[in-house]
Structure formats: C-alpha cells, structure tokens
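Everything below concerns the one structure shown next.
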Number of protein chains: 2
Amino acid sequence: MAERKPRNSATGRVTLADVARALDISAITVSRALKTPERVSPVLRERITQAVRQLGYRPNHAARALATARSGNVLVLVPSLTNEVFVDVLGGIHDELQPRGMQMLIGNTHYSLREEEKQLEAFLGHAPDGILLSGLDHSPRTQALLAESRLPVVTMMELDNAADSRSVGLSQRAAGQAMTRHLITRGYRRIAYVAAQGDPRTRQRAEGYRAALAEANLDAREIWLETPSSVGLGATLLTELLAQHPDCDAVFCCNDDLAQGMLYECQRRGIAVPARLAIGGFNDLAASAWTHPALTSIATPRYDIGRQAARMLCAAIDNQEAPRALDLGFTLMARGSS
Amino acid sequence: MAERKPRNSATGRVTLADVARALDISAITVSRALKTPERVSPVLRERITQAVRQLGYRPNHAARALATARSGNVLVLVPSLTNEVFVDVLGGIHDELQPRGMQMLIGNTHYSLREEEKQLEAFLGHAPDGILLSGLDHSPRTQALLAESRLPVVTMMELDNAADSRSVGLSQRAAGQAMTRHLITRGYRRIAYVAAQGDPRTRQRAEGYRAALAEANLDAREIWLETPSSVGLGATLLTELLAQHPDCDAVFCCNDDLAQGMLYECQRRGIAVPARLAIGGFNDLAASAWTHPALTSIATPRYDIGRQAARMLCAAIDNQEAPRALDLGFTLMARGSS
DNA sequence: TTGTAGGCGTTATCAA
DNA sequence: TTGATAACGCCTACAA
C-alpha cells in the first residue's frame, strides 16, 4: 500500500514541494494556485486544489513570513488582561484581524511603563507588522524602540492630536466632564471623585470632573489610591469616602468596578442610593445595567475601539491612505443610581 | 560618518550576519554566543554581546521557527473571550508561557464545535508546538485533525480519564453535587437548577445536582435555555423560575452571571434572599463576594487550570515525563445568599 | 573554540 | 501559463 501522506519535510508535514511532486509540477505553481488562482490555468488549478486537499497541505506561516518579510502578527500591548474594558478591546481587535488571517500577540503591561518597555523589546523579535498600544503615556525607551522599528503604531483609548501619530479612542476628559455635569444637573452639589489605579485615563477623567465643578462654582472632593481597582476596593472605599467627606451627596467613581462595590456596600449598610448618596461610574460594564438600582455610567465603545484601531493599523501596514485619528465618543447612561 | 546600523536584510533589520560581519567572525558563532554562551570563549562572547546591543540585533522568530521546526507558539481554543472564567484561564496560560519565551495564539470558538474545527484548521498553519483545548467535547473532524497533527494536546476545565490524553480541570459533576448538598444541608427542599448556554459543563453540573437531590429523595426542578449566559439573562430568568416553580425555595444557577442577575432582580422586587429564595452560583466571579447578600458559589481554580495546563503541555512538547491528569478541585464558598 | 555547507518552506524575480 | 533560481534568517551536522 502506497503512503497516502508523503512527509518529507523535517517537520513531518506536507509541504508545497510534496504537493508539486505528487502532481509532477513545480512548487511555485502550487504556491500560485493558492495565492493567485487566476494566474494558473483552470485545469491545473483544479488538480492542484484536489491534491492540496487530499494530501492535507497546510501553508507554513514561518516560511511565508521569512520569504515575504510579513509575519501577519500584530503586537497588542494592554495594561490588564482581566479588566472587562481591555477584554472587550481585545475582542474587537481579534474580530477584525481574524478574517484577514492575521494574529495578535498579546502583552500584558500591568499598568507599568517599564513592563511595557520590556514587553515591546521581547515582542519585536516576532517581527510584528504593526503595533497596537494602550494610552499615550510611554517611556522614552519605548518611544525610541518604536521609532527604530519603523513599524506603524496605533494608540487606543485616548485621543492624540499630533499629526504624525495614529489613535482611536475618546476624550476621557470630556466624558468625565459629562458625568459630572449630569450629576450637577440632577441637583447634587457636593460631588466627590474617587479614583484607584492612578492611570492617565483616570487623571483625565478627573480633569473633566474639576472643569465641570468649576463651571458650577462647586468644590472638589477627591480620593486617590494607587491600588489596583476592583469591586472589593469599591466596597472598602465607601468607608473612606464617608470619613473624609461626610457631607457629600454624590460620588463619581473612576470606573464601574469601584462604583459597583460602593453600591453593594451602600446596600449592606442601608445607605439609600441615590437618596442619600448618588453614584456614577465609568465604562458601563455588562452588569451595571442590572444592579439595583442600576448604575449611572459612561458607556465607552471599547469593542469598536479595538476594531477600528486594528482596521486603521492594517490600512497603515498596507500603506493605504486613511484617517489617523478617530474619536469614537461615549454615551452617558443615566440610570437609577443618580 | 559611518552607518551605525547596518541594514542589509530585506526586512531592514539587523541580522546575525550583520553582527558577524561587524566583528569579522561567522554568523554561527554569534548564534552560539546567544543560545549557548558557554560554548564561546569569554573574550569573544563579550565582544559579541557588545555588538549585539550596539547594533540592536533582535533574533527573527520566523527564521528560527523554520530552522528548528519549533514555532514557540501554543494554540489555545476557548469558547469565549469575555467570560471571566476563560479570561482567567488565558491569564494563567499567558503567565506560564511568557517566561519560556512562548506565545499563545488565541482562537474563540463561541461555544461551537464547528467553529472550533475551523479555528483549529486555520491555526494549524502557524505550526503550533502544542494545543490547549477547552472541554472534552470535540467534533470527529477536530479529533482527526488533532491526531493527524501529532501535536501534544492538553484539555482544560474537565477531567479526562482516558489514558492516552492529557487534562487539567475539575469534576464539574462533583462540584454541582457539592453545591446542591450544601443547599440541602441548609434546609432547602425545593431546589431548582437554572441553566443557560447549554455547554457540556453545565450539563455535568446538572448531573451532580440530580445526584444530590436523589440522595435526599427530593424532586428536581430544572430550567434550560440555550441562550448565552449573562447577568441580564439571570434577571430575566427569575420571572421564568417563579412562574414555572412558584414553590421553590432555592435556586442553583449554572454560573455566577445568572446568579448575580437573579439576585439583583430579587432586590428590585423585594424578594428576600435567602429567606424567601436562596441563591447559589458557580465559578465565584470577582464581584460575587461583594454583592448584598454575598453570593454562595463554587470557586473554580481557573487561573491555575491555565497555568498547569500550559505547564503540562510544555512538558509534553519537551518530551518530559509528567502526570497526564490533574484534578485541581473546587471550593464551596458558602455566603449570605444561602 | 570556531567555521563551512546545506537546508528549513515559501515566495520574488526573471526567464522560457 | 509555467518553471528555475535564489533569497529570506537561522540552525544542525560536521569539520577544522
């Protein structure tokens, strides 16, 4: 019985050459039949497709990457792999790259610029065709590495107005302002801002918060922690809030994790929301619409940020003309908690 | 002024040969200095390290993959990219692979065996060194592809007792039984099971549920939906539950998303938890410990499942002896909701 | 300890 | 339309 699957290569896998040999033609023709079918005669094309299927040929990406100087990889650096926000961003990128046959290489920077630097350095060896970064804050060395790589880069989450950069995101400041204005409109006057995980976006939201308060001649009440954000931390922070600002009638949490935690703790302590304390969050996580009361929040288009950023990057990789800045905006979700 | 960075290669990047040329030695020596420093004289080694740094050489993974028939890639197929459970699993895998210089290629199967098949087929071209799969249920074609690839495979989440397979997970059935027994112990007698996203694990938990009820001579009350699971669905399902089983005094939700939603809806309607209705969930998501009342749940070691599965896979890739089945167990988290 | 030769699987280039 | 040749960057095997 003849060998059905010739395995001549070192890897034990069927190669182009194997298919070519089986058909007594040259490897390059098989390659063409797969990549540019129109350049191969219909008859031969048909035979090739048959053979490819029968032998179970599967193109080797490493070889292709080597030959074309295109890896099909996109490096994605995000500050967290568990934060629902970035999970959604990654989902958008994934869905945009998948149909293009491209892959993402994910690096977790843990909200650290030093980590980002290291990750970038390590991943450059994978010869990514482009890079997706979170936020605008990067170390000098990171910037140097990026420049030296000459790879297209798209920044996600925030907006960059520099002409030579690409970014997809929203104005975190404007969003923070919108939430604060909303609370003011609702009649709250002693509004606190509670922030953890002091990343740049948190600070930008705070700027918007302060701007809105200033517009209305109100005083700021802020609590800042470097601790990573979480629902549990939110619960804990309620104590802190009431201790430092016992008079406050509303709180704007820098994200929904904190807001949810605060809400639960209010329930636990019998503090009426929003009657005694109104709560506003940020990001509109999936559960926020369902809590009791439902959480007022800022919905951020993070899935779309991922998608559009990936799309913009691919355009850049292909040297296509495309806009370099995309403001995807945000939506205030006014719900029961305010 | 001399060119500081020789860029001879097509990719415009510094190659081994560039470094070698600069030092007037051969490329292989540079290669050795990097991979097996002890095989290069200290003096030369030092000069090479210098040159590598100065020129900014970065090894090309594609070339390495081609030459060594090792891609450093691990294919990971998960049913969801947003479910906290798999996010955590991916985190564990990531943390285990990272220090080894290996990468994960992530495929989202959307809880579909057909999708899994397609993803597998597409990713095989990346020549992964091994494969990490979720669950034991796979289509015949998937199984055929796996067998043909001859790649090591580790299955996550459930346990496999077949001798020739590798798996890391827990007994979903036993966990379901433990939760139900707990509810029975607490005095509940009319316990319902509510399931969405009819995946195999959901069914195994149901088996445990039925077994525990049978032990106590109690009747089952089950609600099954194919709809994807979510907090919102949980809220909606409370109506359904009370309509179909108005007498039930406790409900075991197949996961915490549903359980949280139900809890919130109970709050909204003023249904006392656990006095009127006790609630038990599954997976112990991050927020579940903080809701009011806190949610009784089954904590699953998903991060460790990811880590151990990755570790087991790497051992297999390196042909090392290692156990082939790892039961990481679970923990009942008895809290206020029951 | 260092180097030479050749190959990994694919594609670009040029020729037939 | 098809093919020969060389190259992509690195590594294994063997030799010096």
Side-chain angles (χ1 to χ4, degrees), chain A residues 6-48 51-52 55-73 101 124-127 129, chain B residues 6-48 51-52 55-73 101 124-127 129:
Chain A
R7 294 172 182 277
N8 308 304
S9 71
T11 60
R13 291 180 46 180
V14 182
T15 71
L16 271 188
D18 293 331
V19 179
R21 203 168 303 129
L23 260 39
D24 204 30
I25 57 179
S26 91
I28 185 67
T29 306
V30 180
S31 171
R32 273 196 285 255
L34 297 173
K35 304 275 294 183
T36 50
E38 69 277 11
R39 303 190 154 206
V40 174
S41 70
V43 199
L44 193 49
R45 191 192 314 158
E46 180 53 34
R47 288 181 55 211
I48 293 177
V52 161
L55 299 179
Y57 166 75
R58 233 168 285 287
N60 179 322
H61 287 229
R64 173 176 304 171
L66 200 53
T68 60
R70 277 260 195 135
S71 64
N73 289 336
L124 247 17
H126 284 89
D129 298 335
Chain B
R7 292 173 183 279
N8 309 305
S9 71
T11 58
R13 290 179 44 179
V14 182
T15 70
L16 269 189
D18 293 331
V19 179
R21 206 168 300 130
L23 261 37
D24 203 31
I25 57 176
S26 88
I28 185 66
T29 306
V30 180
S31 171
R32 273 196 285 252
L34 297 173
K35 303 277 294 185
T36 50
E38 69 277 11
R39 301 192 155 207
V40 175
S41 70
V43 198
L44 193 49
R45 193 193 309 158
E46 181 53 32
R47 289 181 55 211
I48 292 177
V52 161
L55 300 178
Y57 167 74
R58 233 169 284 289
N60 180 321
H61 287 228
R64 194 209 301 279
L66 199 52
T68 60
R70 276 264 194 130
S71 65
N73 290 335
L124 247 19
H126 285 88
D129 298 335

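Since the structure is predicted, the reported quantities are computational estimates derived from the model, not experimental observations. Letters A, B, ... mirror the listed sequences (proteins, then strands); counts begin at 1.
- Considering only side-chain N and O atoms, B/Arg32 lies nowhere under 4.0 angstrom from the phosphate OP1 or OP2 of C/dT1.
- Picking from C/dT10, D/dG9, C/dT11 the nucleotide with the shortest atom distance to the side chain of A/Pro59 gives C/dT10.
- With hydrogens and angles ignored, no donor-acceptor pair closer than 3.5 Å exists between the side chain of B/Arg58 and the base of D/dG9.
- Here C/dT10 presents its C1' atom at 13 Å from CZ of A/Arg13, a figure rounded to the nearest Å.
- Along DNA chain C, the nucleotide closest to B/Ala67 and the one closest to B/Glu38 are compared, and the more 5′ of them pairs with B/Glu38.
- Here the side chain of A/Arg32 pairs no donor or acceptor atom with the backbone of A/Val40 at under 3.5 angstrom.
- Summarising the geometry, the separation between NE2 on A/His61 and C1' on D/dC8 is reported as 17 Å, rounded to the nearest angstrom.
- Side-chain N/O atoms of A/Ser26 include one lying less than 4.0 angstrom from OP1 or OP2 on D/dG3.
- Put simply, CD1 on A/Ile48 is 12 Å from C1' on D/dG3, counting in whole angstrom units.
- At distances below 3.5 Å, at least one donor-acceptor pair connects side-chain atoms of A/Thr68 with backbone N or O atoms of A/Arg64.
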TODO: Run the numbers on A/Leu23 and A/Thr29 for side chain to side chain contact (heavy atoms under 4.5 Å, CB included), then give the verdict.
DONE: CA-CA 11 Å; A/Leu23 260 39; A/Thr29 306; over 6 Å; no
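- Which of D/dT2, C/dG3, C/dG9 sits closest to the side chain of A/Ala63 comes down to C/dG9.
- Distances shorter than 4.0 Å separate some side-chain N or O of B/Ser31 from OP1 or OP2 on D/dC11.
- Distance A/Ile25 CD1 to C/dA16 P: 21 Å, rounded to the nearest Å.
- As rounded to whole Å, 6 Å separates atom P of C/dT11 from atom CG of A/Leu16.
- Once rounded to the nearest 0.5 Å, the distance linking CD1 of B/Ile25 with CG of B/Leu44 reads 4.5 Å.
- Between A/Arg39 and D/dT1, a side-chain N or O to OP1/OP2 separation shorter than 4.0 Å is absent.
- Within the 4.0 Å cut-off from OP1 or OP2 of D/dG3, at least one side-chain nitrogen or oxygen of A/Thr29 is found.
- Rounded to an integer number of Å, the gap from A/Leu66 CG to D/dC11 C1' is 12 Å.
- The side chain of B/Thr68 sits closest to D/dC11 out of D/dC11, C/dT11, C/dG9.
- Taking atom CG of residue B/Leu34 and atom P of nucleotide D/dT12, one finds them 13 Å apart after rounding to whole Å.
- B/Leu124 approaches A/Arg13 most closely through the heavy-atom pair O-NH1, 3.2 Å.
- As judged by a 4.0 angstrom heavy-atom cut-off over every strand, A/Ile28 is placed among the base-contacting residues.
- For A/Ser41, counting side-chain heavy atoms from C-beta on, the closest listed nucleotide (D/dT1, D/dC11, C/dT2) is D/dT1.
- Atoms CZ (B/Arg70) and C1' (D/dT12) sit 14 Å apart, rounded to a whole Å.
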